[in-house]
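What follows is one structure encoded as C-alpha cells, with my remarks underneath.
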Number of protein chains: 4
Amino acid sequence: MARQRPVSPRKEPSQRRSRELVDLIVKATTRVLLKHGYEGCTTNRVAEVAGVSIGSVYQYFPNKDALVVRVMERHQEKLLGVMTEHLASLKDASLEEAVKTLVHAMLDAHRIEPKLHRVLREQVPRIGALKALHEQHSAYEPLVTAWLDAHREALPVADPAVATWVLIAAVDGVLGRVLVDRPGWLEQQQLARELERLIVAYLRGART
Amino acid sequence: MARQRPVSPRKEPSQRRSRELVDLIVKATTRVLLKHGYEGCTTNRVAEVAGVSIGSVYQYFPNKDALVVRVMERHQEKLLGVMTEHLASLKDASLEEAVKTLVHAMLDAHRIEPKLHRVLREQVPRIGALKALHEQHSAYEPLVTAWLDAHREALPVADPAVATWVLIAAVDGVLGRVLVDRPGWLEQQQLARELERLIVAYLRGART
Amino acid sequence: MARQRPVSPRKEPSQRRSRELVDLIVKATTRVLLKHGYEGCTTNRVAEVAGVSIGSVYQYFPNKDALVVRVMERHQEKLLGVMTEHLASLKDASLEEAVKTLVHAMLDAHRIEPKLHRVLREQVPRIGALKALHEQHSAYEPLVTAWLDAHREALPVADPAVATWVLIAAVDGVLGRVLVDRPGWLEQQQLARELERLIVAYLRGART
Amino acid sequence: MARQRPVSPRKEPSQRRSRELVDLIVKATTRVLLKHGYEGCTTNRVAEVAGVSIGSVYQYFPNKDALVVRVMERHQEKLLGVMTEHLASLKDASLEEAVKTLVHAMLDAHRIEPKLHRVLREQVPRIGALKALHEQHSAYEPLVTAWLDAHREALPVADPAVATWVLIAAVDGVLGRVLVDRPGWLEQQQLARELERLIVAYLRGART
DNA sequence: GATGAATGAGTTTTCATTCAT
DNA sequence: CATGAATGAAAACTCATTCAT
C-alpha cells in the first residue's frame with residue numbers, strides 16, 4: 001500500500017527566523033488543507049500561500065506528508081491541552097460530575113477548529129496516520145482509567161482500561177460523525193445530554 | 001475543496017456483455033484498491049488488471065472516482081443485505097434479544113470483507129457530494145428507529161431517531177476503531193458483550 | 001554510487017505508428033546529446049525536439065538513461081555492422097593483410113558518427129554503461145582470436161585471447177584519444193600506418 | 001555543449017587557516033566523489049562532510065566543478081610525481097630498461113588510488129575547457145620523447161613525439177580498460193610483460 | 001463499441017548559488 | 001571572514017483523460 005516515508009522534520013529550526021518560517025509554512029499548510037483538501041494541498045501551493053520559496057519548505061520538511069503530519073500534531077497538541085485542563089478536576093468528582101466533565105472536555109476539544117478537525121479526520125487516514133490520530137486519546141486515557149479504578153467498588157466495571165477504551169471510542173465515534181454529518185449539533189445541548197446518558201448508563205451498567 | 005464531478009454510471013450497460021465488462025472493472029478496482037490503496041488505484045492499473053482497455057473503462061465510468069464509488073456501493077449493498085437480514089427478526093424481539101441482534105448484525109457486517117472495509121474507511125477520501133454514500137447506516141436506521149418507536153413506552157427514549165443515530169454512531173465508532181487498532185477483537189466474545197451492555201444501558205437509560 | 005535503474009524499454013512499440021515514434025525519440029535524443037551533452041539532455045528537451053509529448057517519451061522509456069542507452073545501442077549496432085563486414089575477409093589473409101583489415105575496420109567504425117561516438121564515450125561512463133561500451137568489441141573479438149589461433153605457429157603468441165584483448169584495448173584506446181584530442185588525425189594516413197606498425201610488431205613480437 | 005565556467009580558485013588562500021580549509025574541502029570532495037559518484041557529489045554534501053559551511057566552500061571555489069577539478073589536479077600531481085620519479089632514470093637506459101621503467105611507472109601510477117582514478121575517468125564528465133587537464137600525460141611525455149630522440153639512430157622512429165603519443169595512448173588505453181574490466185590484472189606479472197612486449201616491438205618496429 | 005497510443009498539465013523534489021547576518 | 005538560511009529555476013516523472021483508428 002506504499003506510503004511510509006520519513007515524516008520527521010528535516011532540520012530543527014534553530015534560529016528565531018527559521019522558527020517563524022516553519023510556523024508560517026505550517027499555517028499555510030493548514031489554510032491550504034482547509035481550502036483544497038489533501039489532494040489539492042500541493043507543496044507549491046503551500047509555499048505560495050506561505051509567501052515562501054518552495055526550497056524553504058523542503059529545507060524543513062522532507063516531503064509533502066510531513067507537512068500534513070505536522071499540522072496534525074499541532075492540532076493534537078491543542079486538543080490535548082484542552083482535554084487535560086478539563087480533566088485535571090476529575091480526581092474527586094462524583095460520577096455525574098465526572099461524566100459531565102468528560103463530555104464537556106471532549107466537546108470543547110472538538111470545538112477548537114472543527115473544520116480543520118474534520119479535514120484531518122477525513123484526509124489523514126490516507127497517509128497512514130490513523131493510528132496516530134487514535135493515539136491522541138492515549139494521552140489522557142490514563143486519567144479516566146484512574147478515576148474508574150478509584151470508583152471500582154461502586155461501579156460494575158470489570159476492566160477499567162477496557163471500559164475507558166470503549167467509552168472513548170464510542171464518544172469519539174459519535175463526535176467524529178457529528179463533525180462530518182451534523183456539524184450544527186456541536187452546539188446543541190441535547191448532544192451533550194445524550195452523551196452523558198450514554199456514559200453514565202454504560203458505567204452504572206446493567207449486566208445483560 | 002475541489003472535487004465535484006459526475007459519479008453516476010455514464011450509461012446503463014444494456015447488453016449482457018457490457019454488464020460483464022462493468023463487473024470485471026469493478027472487481028479489478030477492488031483488487032487494486034486492496035493492493036495499492038486509493039492513491040495507487042490508477043485508472044490505467046485498473047484497466048490492466050481487468051484485462052480491459054482503458055478506453056473501455058471510460059466507456060462506462062466518467063472518471064476515476066466513479067470507479068471507487070461503485071466499489072463502495074457494492075460493498076454497502078452487501079453490508080445492507082447482512083444488516084437487513086439480521087434485523088428482519090427485530091420486530092417482536094425483547095430488548096435483550098433486539099440488542100443482541102443489532103450487535104450481532106453490526107459485527108457480522110464488519111466481517112464481510114474487513115480489509116476492503118478498512119481500506120474504504122481509511123483510504124478513500126470523502127469523494128465529492130458523496131457524503132450520502134458514507135452514511136451507510138441510513139438504510140437500516142429506520143428499522144431500528146421503528147423498533148424503538150414501538151417500544152417507546154417501556155424505554156425512556158425521548159426521540160427514537162436521535163437515539164438510533166447516537167447508538168449506531170457509537171457502535172460504529174467502536175467497530176471502526178477495532179478494525180484499525182484491534183483487529184483481533186472482532187472475534188472476541190467480550191467485544192460483543194461490552195457493546196450489548198453499552199446499548200442496553202443507554203436504552204434502559206438512567207437519566208443523569 | 002546509486003544509479004542502476006531499469007533501462008530496458010517499457011513497452012514494445014507494436015504498431016507502425018509507435019515504431020516511428022520511438023525512432024523519432026531516439027533520433028531527437030541523439031541530436032540533443034550532441035548539442036547539449038549528457039547533462040543538458042533532459043527528457044523535456046528531447047520530447048520538445050522530437051515534437052512529441054513528454055508523456056509519449058515515458059510511454060516507451062522508463063527513464064532518462066534508457067534513452068541514452070538506446071542511442072548507444074543503436075550506434076553500436078552500426079559499428080558492429082561495419083566491423084563484421086570488414087572482418088569477414090579476414091580468414092585467409094596474410095599477417096599484413098589481416099592487420100590492414102583490422103585497422104581499416106576500426107578506423108572506419110570510428111568514422112561513422114565521430115561526434116556522437118565522442119559524446120557517448122565521454123558521457124556514457126556516468127550511467128554505468130562503460131562495460132557495455134567495452135563489450136561492443138566482444139562481438140568481433142572471436143573473429144580476431146580465431147585468426148590468431150590459426151596462425152599460431154608463425155607467431156610468438158602465447159594466448160590468442162589475451163593478445164586480442166590487449167590489441168583491441170590498445171588500438172581502441174588510441175582511437176578514443178584521437179577522437180577526443182586529435183579529431184583531425186582520423187583522416188591522416190599516418191595514424192593508420194602507426195597502428196599497423198603497432199599491431200604487426202606486437203604480433204611478430206620480440207620477446208623482451 | 002553548455003558548461004564553460006571559471007574553474008580556477010577564487011582566491012589564493014594566503015593564511016594558514018585558509019589553506020587548511022581548502023585542504024579539508026578537497027579531501028571531502030574526494031570522499032564524496034568516491035562514495036556517491038559525480039552526480040551525487042553535491043556542494044552541500046561536500047560542505048557537510050568537510051564539516052564546513054557551504055558559504056566557506058564558495059569562498060574558495062567559484063562553483064561545483066572547480067571542486068572536482070581541484071581533486072583531479074591533486075590526483076594528477078601525485079601521478080606526475082610517481083611518473084617523473086620513475087622516469088628520472090630514463091636518460092641513459094637501454095631500450096629494454098627504458099621500457100621496463102616506463103611500464104613500471106605507468107602501472108605504479110595506476111596503483112596510487114585506483115578507485116579514485118576510476119571514478120575520475122568514468123564519472124567525471126569532460127568539464128568545460130578542461131581537455132588540457134585530461135591530458136594528464138602531457139607533463140611527462142617530453143621525458144619519453146627526449147629519450148626517443150636521443151636514441152633516434154638506433155630506432156626506426158620517424159617522429160618521436162608522435163611515437164610517444166601513440167605509445168602512451170595505447171598503454172593508457174589498456175590500463176584504463178584493465179581498471180574497469182579486469183581490476184585484478186593490475187597486480188599480474190603477465191600484464192606488465194605484455195605491455196613491455198607491445199612497446200619494445202613497436203619501437204624496434206618492423207615497418208609494414 | 002472497443003482499443004490503446006498519445007497527451008500534457010501538474011507534482012514532487014533537488015541542488016547550485018547568493019547574501020544578510 | 002564565516003555562516004547557513006533562503007532561494008527558485010529546472011528536472012524527472014505520473015496519470016486522468018481524449019480521440020483517431
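All figures in this text were calculated on a predicted structure; none of them were measured in a lab. Just so we're on the same page: letters track the sequence lines, and every chain starts at 1.
- Candidate nucleotides E/dC15, F/dA16, E/dT3 were compared by shortest atom distance to the side chain of D/Thr42, and E/dC15 ranks first.
- In this structure, C/Lys64 atom NZ and F/dA11 atom C1' are separated by 8 Å, rounded to whole Å.
- Base pairing analysis places F/dA9 opposite E/dT14; the two distances defining the Watson-Crick or G-U wobble pair are each below 3.5 Å.
- Base pairing of F/dT21: its partner is E/dA2, meeting the Watson-Crick or G-U wobble criterion (both donor-acceptor distances under 3.5 Å).
- At whole-Å resolution of the value, CZ in D/Arg45 and P in F/dG4 are 19 Å apart.
- Other residues, nucleotides and ligands place no more than 12 heavy atoms under 6.0 Å from the CD atom of C/Glu48.
- As a whole-Å value, the separation of A/Glu39 CD from F/dT14 C1' is 13 Å.
- Sequence order on DNA chain E of the closest nucleotides to B/Ser53 and A/Cys41 puts B/Ser53 first from the 5' end.
- Picking from E/dT14, E/dA2, F/dT18 the nucleotide with the shortest atom distance to the side chain of A/Ile54 gives E/dT14.
- For the OP1/OP2 pair of F/dC1 and a distance below 4.0 Å, the side-chain nitrogens and oxygens of D/Ser18 include at least one atom meeting the criterion.
- Counting heavy atoms from C-beta outward, C/Leu67 and C/Leu33 have side chains that stay 4.5 Å or more apart.
- Proximity of a side-chain donor or acceptor of C/Arg70 to a complementary backbone N or O of C/Val26 within less than 3.5 Å is not detected.
- Rounded to whole Å, the distance from CG on B/Asp65 to P on F/dC15 is 15 Å.
- Contact annotation: C/Gln59 does not reach the phosphate of E/dA5 (side-chain N/O to OP1 or OP2, under 4.0 Å).
- Between B/Ser56 and E/dA2, a side-chain N or O to OP1/OP2 separation shorter than 4.0 Å is absent.
- Summarising the geometry, the separation between CD on D/Glu48 and C1' on F/dA5 is reported as 15 Å, rounded to the nearest angstrom.
- Side chains of A/Tyr38 and A/Val119 form no contact here, defined as non-hydrogen atoms less than 4.5 Å apart.
- Where C/Gly40 and A/Gly55 each meet DNA chain F at their nearest nucleotide, the meeting point lying more 5' is that of A/Gly55.
- Here the P atom of nucleotide E/dG4 and the OH atom of C/Tyr58 are 24 Å apart, to the nearest Å.
- Not a single donor-acceptor pair, N or O on each side, falls under 3.5 Å between the base of F/dA10 and the side chain of C/Asn44.
- The side chain of A/Tyr60 lies closest to F/dA6, out of F/dC13, F/dA6, E/dT18.
- Rounded to a whole Å, the CG atom of C/Asn63 is 10 Å from the C1' atom of F/dC13.
- Just one of C/Asp23, C/Thr29, C/Thr30 meets the side-chain hydrogen bond (donor to acceptor under 3.5 Å, both in side chains) condition when paired with C/Lys27; it is C/Asp23.
- Regarding C/Phe61, its CZ atom lies at a distance of 14 Å from the P atom of E/dA5, rounded to whole Å.
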